[in-house]
Chemist: 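Before we start, here is the structure in question, set down as structure tokens.
Per chain, numbering begins at 1; letters A, B, ... match sequence-line order.
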Protein chains: 2
Amino acid sequence: MTNAHKHTIAIVDDHLLFASSLEKLIHSFPEFEVLFKARNGVELQRELKAGDHVPDIILLDLNMPVMNGQETLSWLTEIHPGIKVLVLSMEDDERTILKMIREGAKGYFLKDIHPNDLKEALLEVMDKGYYYSAKVTSTMVHALQPGSKSQPLNLKENERTFLQLACSEMTYKEIADVMNLSPKTIDGYRQELFNKLNIKNRVGLVIYALKNNIIEI
Amino acid sequence: MTNAHKHTIAIVDDHLLFASSLEKLIHSFPEFEVLFKARNGVELQRELKAGDHVPDIILLDLNMPVMNGQETLSWLTEIHPGIKVLVLSMEDDERTILKMIREGAKGYFLKDIHPNDLKEALLEVMDKGYYYSAKVTSTMVHALQPGSKSQPLNLKENERTFLQLACSEMTYKEIADVMNLSPKTIDGYRQELFNKLNIKNRVGLVIYALKNNIIEI
DNA sequence: TTAAAAAATAGGTAAAATCCTGATTCTCAA
DNA sequence: TTGAGAATCAGGATTTTACCTATTTTTTAA
């Protein structure tokens, strides 16, 4: 395959060591070449706006400072819908995976993917337009199953806000003040959540919020 | 540098993509060669016990299933004190860093290290016997400062146990039962921790425990 | 051995959390 | 317009937390 016909790739990852290593790996694939690397979404935007080089595929890390993976993906989906974005991440939780797919990622894999599988994934993305590993596929199926037990998505907006505030040292009365609601309403949210999530006290709320990425620590 | 005089390296990481990429990167350093890769501590032990090849340096990932980085490091320090272990990790919290250094790691760096710095680190480890980045060094200095505010280490054993149990849905009375102590003693632990950590309620305990890796979620 | 320090325990009280049941108010569609 | 359902709010009771001060027991060091 001549250089002119190689598929082009951009790597967006703030982990320099990983990005450079990945670049070398891809260099060993005759079908692909790395067009450029960026450390975050802002750098990527700069590169793309320069205009003279738009990659076929972007390998996008999820955890970046400045402009993280999700924001970058939203921007790409809107401005450069033609670029196929593959999300690279350490997180394998359902919530994160589904969020990225909904945002338009053409593929999602964990960083512990086997090098051979990466090559296969790149080829398949160029061929079919998407690549999802068995793990991610099963996650999607599971999420679509009716009655799958973990549905942290059906929280109402106020419940979600309350849940986040409940993970602080505020009393319920203080939370009520912040949310401009009666303490009794807050008490209602609390009870509703206890029932819905099958927990017994406020510590349970915190644990749940953490497990489901409702709050960050 | 002839092949016979290259410094030898082993990579222990369950992230195949990362390990393979890293191998390729190191391959581009004329002074070093990768002797073998292992996916976890157990595999590493197998390789080392085979006996015919002992590396100069081991690049050790911290987060592995089966036998994790810390266990592996303890074992290495005892059985193969001659091997220089460099810990590769995603965690940059003081607690983790210090723990590894105390366990005998000859270096500690985050996976976002620059490739050039990696090479420099490898050379320096062979030369001086250790390599610590500015970040890690400053962490050590900070930890040794008297009165540095974050000292999650000075928790007494019972306080620590209580703290872990307080991060569950148990009442303090139930915790007292489990720990075979009077509820009043538990109340004492609680109050002591509130003062020590400058927090106001049980949620504060949970947050603190999480931030300081006292519990896992 | 003994005094001092640390750990464990107690009593009492106020505040917050938890758990009911029921009453308004609001929203939205028929 | 109106009625059903959701959201909000209230009263009131019990349990758990949180906060004092003080005593007993255990451990440690001189």
Chemist: What's the separation between atom CG in A:Leu60 and atom CG in A:Leu76, rounded to the nearest 0.5 Å?
Modeler: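 Going from CG on A:Leu60 over to CG on A:Leu76, the span is 7.0 Å.
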Chemist: On the nucleotide C:dA7, are OP1 or OP2 found under 4.0 Å from the side-chain N or O atoms that B:Tyr189 carries?
Modeler: no
Chemist: So, does A:Asp13 use its side chain to make a donor-acceptor pair with the main chain of A:Leu16 at under 3.5 Å?
Modeler: no
Chemist: Looking at A:Glu47 and A:Lys37, is any side-chain nitrogen of the basic one under 4.0 Å from a carboxylate oxygen of the acidic one?
Modeler: no
Chemist: Base, sugar-phosphate or nothing for B:Ser182? Non-hydrogen atoms, less than 4.0 Å.
Modeler: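 Here B:Ser182 touches the backbone only, sparing every base.
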Chemist: On DNA chain D, reading 5' to 3', which nucleotide is the first and which the last to sit with an atom under 4.0 Å from a heavy atom of chain B, could you check?
Modeler: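 Answer, 5' to 3': D:dT17 to D:dC20.
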Chemist: What one-letter contact string describes nucleotides 16-28 of chain C from 5' to 3', where B marks a base within less than 4.0 Å of any protein heavy atom, S marks contact via sugar-phosphate atoms alone, and - marks no contact?
Modeler: -SBBS--------
Chemist: My understanding is that only residues two or more places apart in sequence, or in another chain, count here; which of them pass salt bridge (charged side-chain N to carboxylate O under 4.0 Å, His left out) with A:Asp14?
Modeler: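 A:Asp14: no salt bridge (charged side-chain N to carboxylate O under 4.0 Å, His left out) contacts found.
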Chemist: Distance check needed: C:dA6 C1' versus B:Glu157 CD, whole Å only.
Modeler: 17 Å
Chemist: Is it the case that the side chain of A:His80 and the backbone of A:Gly82 share a donor-acceptor pair, with hydrogens and angles ignored and the cut-off at 3.5 Å?
Modeler: no
Chemist: In whole angstroms, how far is the C1' atom of C:dT9 from the CD atom of B:Glu192?
Modeler: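 Whole-Å distance recorded here is 15 Å.
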Chemist: Kindly write out the residues that satisfy salt bridge (charged side-chain N to carboxylate O under 4.0 Å, His left out) with B:Asp117, not counting sequence neighbours, or none if the list is empty.
Modeler: none
Chemist: For A:Glu124, give me all partners under salt bridge (charged side-chain N to carboxylate O under 4.0 Å, His left out), at least two apart in sequence or on another chain.
Modeler: A:Lys128
Chemist: My understanding is that only residues two or more places apart in sequence, or in another chain, count here; which of them pass salt bridge (charged side-chain N to carboxylate O under 4.0 Å, His left out) with B:Lys173?
Modeler: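 B:Lys173: salt bridge (charged side-chain N to carboxylate O under 4.0 Å, His left out) contacts with B:Asp177.
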